[in-house]
Amino acid sequence: MKFFVTGVGGQLGHDVMNELLKRGYEGVGSDMQEACDIAAPYMPLDITDRNAVEKAITDVNPDAVIHCAAWTAVDMAEDDENVAKVRAVNAGGTKNIADVCKKLGCKMTYISTDYVFNGGGGRPWEPDDHREPLNVYGLTKYEGEISVEQNVS
């Protein structure tokens, strides 16, 4: 099985890629920077660039995409000058990936966050429970969830 992993420059994406390789899977990693220290093929990718996302995923032709890339600086996401960029990455970038996965018929795993919930639940959350994001970061990750849900085949 062949995977395409976004966000391999971050802790989650890096660890996901290493675990896949350890288990003998083939993978290609991506992130914003020109180079990344992983033991797999790597390509720089700005997930906010719809055409670049389509080209990258189409060229790799993976069986599945594990989408770990995100704007994760939660406090900085609240700054007015960052909101549009946070939304472009967490919602728009996720939509770009989900759209291509649907077009190619490949599976997609999206890593979201507990920030999409208000923290007041007294039981484990269910998929259809109402979301009340805590902040801009949580809201934009939830918007990414919606994009993925809308692209489920």
Quick check: closest heavy atoms across [X] and [Y], and the distance to 0.1 Å?
X	Y	result
G9	C36	CA-SG, 3.7 Å
G27	A40	O-CB, 3.7 Å
K2	N61	CD-O, 4.1 Å
N151	A98	ND2-CB, 3.6 Å
C106	P62	CB-O, 3.4 Å

Per the side chain to side chain donor-acceptor pair (under 3.5 Å) rule, what does the pair list look like for residues 28-40, sequence neighbours excluded? none

Residue pairs meeting side chain to side chain donor-acceptor pair (under 3.5 Å), one or both in residues 76-85, sequence neighbours left out, come to none

Sequence neighbours left out, what passes side-chain hydrogen bond (donor to acceptor under 3.5 Å, both in side chains) with [X]? Give chain and number order.
X	value
Q150	none
D59	K55
N118	E132
D46	T48

Other hydrophobic cluster members with I57, side-chain heavy atoms of Ile/Leu/Val/Met/Phe/Trp/Tyr under 4.5 Å, chained? F4, V28, M43, L45, I47, V53, V60, V65, W71, M76, V83, V86, V89, I97, V100, L104, M108, Y110, V136, V148

Residues joined to M1 in its hydrophobic cluster, side chain to side chain under 4.5 Å directly or through other members, sorted by chain and number, are F3, V5, V8, L12, V16, M17, L20, L21, Y25, I38, Y42, I66, I111

Salt bridge (charged side-chain N to carboxylate O under 4.0 Å, His left out) pairs, two or more places apart, involving residues 133-149: R87-E143, R131-E145

Pairs involving residues 114-125, ordered by first then second residue, that meet salt bridge (charged side-chain N to carboxylate O under 4.0 Å, His left out) (sequence neighbours left out): R123-D129

Just verifying a value: how many Å separate [X] [atom1] and [Y] [atom2], rounded to the nearest 0.5 Å?
X	Y	atom1	atom2	answer
D99	S147	CG	OG	7.0 Å
R50	E54	CZ	CD	7.5 Å
L139	N90	CG	CG	10.0 Å

Do D15 and E19 come within less than 4.5 Å of each other through their side chains, counting heavy atoms only? no

State which residues pass ring-ring contact (aromatic ring centres under 6.0 Å, His included) with Y115; sequence neighbours excluded, sorted by chain then number. Y137

